[in-house]
Number of protein chains: 2
Amino acid sequence: MRQGNKASPARALERALHRLEDLCRERGQRLTRPRRAVLAKLLTAGRALSAYELLDLLRPEDGKSTAASVYRTLDFLMALGIVHRLESTRSFVLCEHPGGPHWVQFLICRRCGQVVEAEDERIAAATERLGQRLGFALDQRIVELTGVCEGCRGSAARH
Amino acid sequence: MRQGNKASPARALERALHRLEDLCRERGQRLTRPRRAVLAKLLTAGRALSAYELLDLLRPEDGKSTAASVYRTLDFLMALGIVHRLESTRSFVLCEHPGGPHWVQFLICRRCGQVVEAEDERIAAATERLGQRLGFALDQRIVELTGVCEGCRGSAARH
DNA sequence: CCGTACTTGATACAAAGTATCATCTGCAAC
DNA sequence: GTTGCAGATGATACTTTGTATCAAGTACGG
């Protein structure tokens with residue numbers, strides 16, 4: 001929706017795989033089957049997945065997947081910056097803002113599980129400022145805002 | 001330091017236990033031995049502890065502690081608002097700002113483990129605004145900023 | 001096509017958190 | 001005090017999440 005992924009899922013997958021290929025080449029990293037597979041599953045799922053949900057999706061078409069391999073692959077994709085971990089739900093999502101390093105915030109609907117990735121300047125500035133004020137040189141900023149999204153508030157009012 | 005806890009730890013413990021007692025009475029909750037014990041351990045530790053670290057501290061003086069009981073007790077203390085969970089380190093800290101419900105942020109030193117709890121108006125406002133902009137009714141805001149604190153930057157420069 | 005540095009597969013394990021149910025107890029009412 | 005009992009604990013077993021190790025396999029530059 002946000003990027004037309006729903007409109008042409010095959011196209012979006014192709015784009016994501018190309019991006020992965022480029023990033024690997026740029027950084028001298030290998031492009032392997034599990035790396036492609038995990039990226040593909042995250043993309044087609046279209047939502048945050050736990051490592052073990054991912055494992056369940058991968059096994060039918062690659063019986064050799066294990067928890068260890070899934071975690072390794074996720075770590076790799078996170079280092080490339082194309083996957084993020086949601087600490088509050090212990091799950092993993094595709095990055096919606098591929099590009100250079102950035103500080104992002106997540107809004108998570110506790111009803112439908114939808115995850116929206118934001119890049120809010122005010123929050124970035126305010127957190128930086130707070131770090132400076134308290135003498136911290138920040139290198140990671142976890143901002144995860146949980147609530148109920150507009151759709152869910154409308155559809156199930158007062159419940 | 002911030003509240004003089006280091007200066008008189010026994011006094012601080014006494015204060016914290018009184019606070020727990022008051023809160024329990026106010027809300028019609030029971031004040032039990034494990035609840036006192038967990039609070040005491042968190043206070044005397046003076047830092048964030050994982051549930052299992054807590055368990056290891058509790059067992060010597062109460063062999064009946066179990067993971068389940070520790071988690072139950074932590075959930076209770078969190079509901080009272082006097083303990084917070086740090087998602088990024090899967091650990092628990094005493095609240096430094098007892099009082100009504102509030103939105104807090106944590107700064108965590110990755111070198112020494114120090115945790116500072118802040119209540120920053122700008123961040124509170126910016127996150128609220130972002131939620132509104134994206135149509136989310138927020139009920140939880142996790143903000144955990146990791147980096148290196150002033151002391152650690154000074155003492156181990158360039159490493 | 002070769003060589004090898006890096007990655008994977010396989011196994012085992014550690015850490016974190018939850019479910020269930022019988023027993024016990026804090027505390028309000030007497 | 002003593003008592004009754006809703007609510008908490010204790011005990012056990014289990015699920016979920018994440019890591020360590022090392023032999024075997026493979027992506028990719030030359």
Side-chain angles (χ1 to χ4, degrees), chain A residues 17 20-42 48-80 83-93 113, chain B residues 17-18 20-42 48-80 83-93 113 144:
Chain A
L17 289 174
L20 174 59
E21 199 180 330
D22 292 346
L23 277 171
C24 284
R25 196 170 18 241
E26 275 171 31
R27 323 211 347 192
Q29 305 274 267
R30 292 189 191 166
L31 181 48
T32 65
R33 201 153 66 99
R35 289 171 183 179
R36 270 187 286 255
V38 166
L39 179 63
K41 284 303 176 203
L42 275 176
L49 295 174
S50 76
Y52 282 81
E53 284 178 323
L54 212 31
L55 182 56
D56 289 341
L57 291 173
L58 289 166
R59 276 229 243 255
E61 58 196 50
D62 179 0
K64 286 176 276 186
S65 298
T66 63
S69 70
V70 170
Y71 278 104
R72 267 193 313 238
T73 304
L74 287 169
D75 285 345
F76 175 83
L77 296 175
M78 287 193 292
L80 286 189
V83 163
H84 295 298
R85 157 180 291 170
L86 299 180
E87 296 292 338
S88 59
T89 56
R90 274 127 233 220
S91 62
F92 303 84
V93 269
Chain B
L17 288 174
H18 259 96
L20 174 59
E21 198 180 331
D22 292 346
L23 277 170
C24 285
R25 196 170 18 242
E26 277 173 28
R27 325 216 341 196
Q29 305 274 268
R30 292 190 191 166
L31 181 48
T32 66
R33 200 153 66 98
R35 289 171 184 179
R36 269 187 286 256
V38 166
L39 179 62
K41 285 302 176 202
L42 275 176
L49 295 175
S50 76
Y52 283 79
E53 283 177 323
L54 212 30
L55 182 55
D56 289 341
L57 292 173
L58 290 167
R59 277 230 242 252
E61 58 195 50
D62 179 1
K64 286 176 274 185
S65 298
T66 63
S69 70
V70 170
Y71 277 104
R72 267 192 313 236
T73 304
L74 287 169
D75 285 346
F76 176 83
L77 296 175
M78 287 192 293
L80 285 190
V83 163
H84 294 297
R85 159 179 292 176
L86 299 179
E87 295 292 338
S88 58
T89 56
R90 273 126 234 219
S91 62
F92 303 84
V93 270
E144 298 181 16

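Worth saying up front: this structure is predicted, and the values here are computed from it rather than measured. Throughout, a chain's letter reflects where its sequence line sits, starting with A, and its residues are numbered from 1.
You'll find that the side chain of Ser50(B) is closest to dA16(C), out of dG9(C), dA16(C), dT12(D). Checked against dG10(D), dT8(C), dA27(D), the side chain of Arg35(A) finds its nearest nucleotide in dT8(C). Side-chain atoms of Ala67(B) lie closest to dG17(C) of the nucleotides dG9(C), dG10(D), dG17(C). Taking every side-chain heavy atom of Arg30(B) into account, dA8(D) is the closest of dA8(D), dG9(C), dT26(D). Out of dG17(C), dG10(D), dT9(D), the shortest distance to the side chain of Lys64(B) is found at dG10(D).
In summary, of the residues considered (Val38(A), Val93(A), Asp75(A), Leu42(A)), a side-chain contact (heavy atoms from CB on, under 4.5 Å) with Val83(A) occurs for Leu42(A) alone.
Atom pair Leu74(A):CG and dT16(D):C1' shows a separation of 15 Å (rounding to whole Å applied). Rounded to a whole Å, the CG atom of Leu77(A) is 10 Å from the P atom of dT8(C). As a whole-Å value, the separation of Leu55(A) CG from dT19(D) C1' is 15 Å. One interatomic measurement links the two molecules: CZ of Arg90(B) to C1' of dA14(C), which rounds to 14 Å at whole-angstrom precision. The distance between atom OH of Tyr52(B) and atom P of dA14(C), rounded to the nearest whole Å, is 13 Å. At whole-Å resolution of the value, CZ in Arg33(A) and C1' in dT26(D) are 11 Å apart. Rounded to a whole Å, the CG atom of Leu49(A) is 15 Å from the P atom of dT16(D). Taking atom CG of residue Leu31(A) and atom P of nucleotide dA5(C), one finds them 21 Å apart after rounding to whole Å.
Side-chain atoms of Arg85(A) never come within 3.5 Å of backbone atoms of Met78(A) as a donor-acceptor pair (strictly under, hydrogens ignored).
Side-chain contact between Leu17(B) and Leu31(B): absent, with no pair of heavy atoms (C-beta onward) separated by less than 4.5 Å.
Mapping Thr32(A) and Glu53(B) onto DNA chain C by nearest heavy atom places Thr32(A) at the nucleotide closer to the 5' end. Closest-nucleotide positions on DNA chain D for Cys24(A) and Ala68(B) were compared, and the one nearer the 5' end corresponds to Ala68(B). Comparing Gly63(A) and Gln29(B) against DNA chain C, the residue whose closest nucleotide sits nearer the 5' end is Gly63(A).
For the OP1/OP2 pair of dG18(D) and a distance below 4.0 Å, the side-chain nitrogens and oxygens of Tyr71(A) include at least one atom meeting the criterion.
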Start with the C-alpha distance between Leu54(A) and Thr73(A), add both sets of side-chain angles, then the distance that settles side chain to side chain contact (heavy atoms under 4.5 Å, CB included), and finish with yes or no. CA-CA 11 Å; Leu54(A) 212 31; Thr73(A) 304; over 6 Å; no
Side chain to side chain contact (heavy atoms under 4.5 Å, CB included) between Arg36(B) and Leu39(B): does it pass, once the steps are laid out? CA-CA 5 Å; Arg36(B) 269 187 286 256; Leu39(B) 179 62; 5.9 Å; no
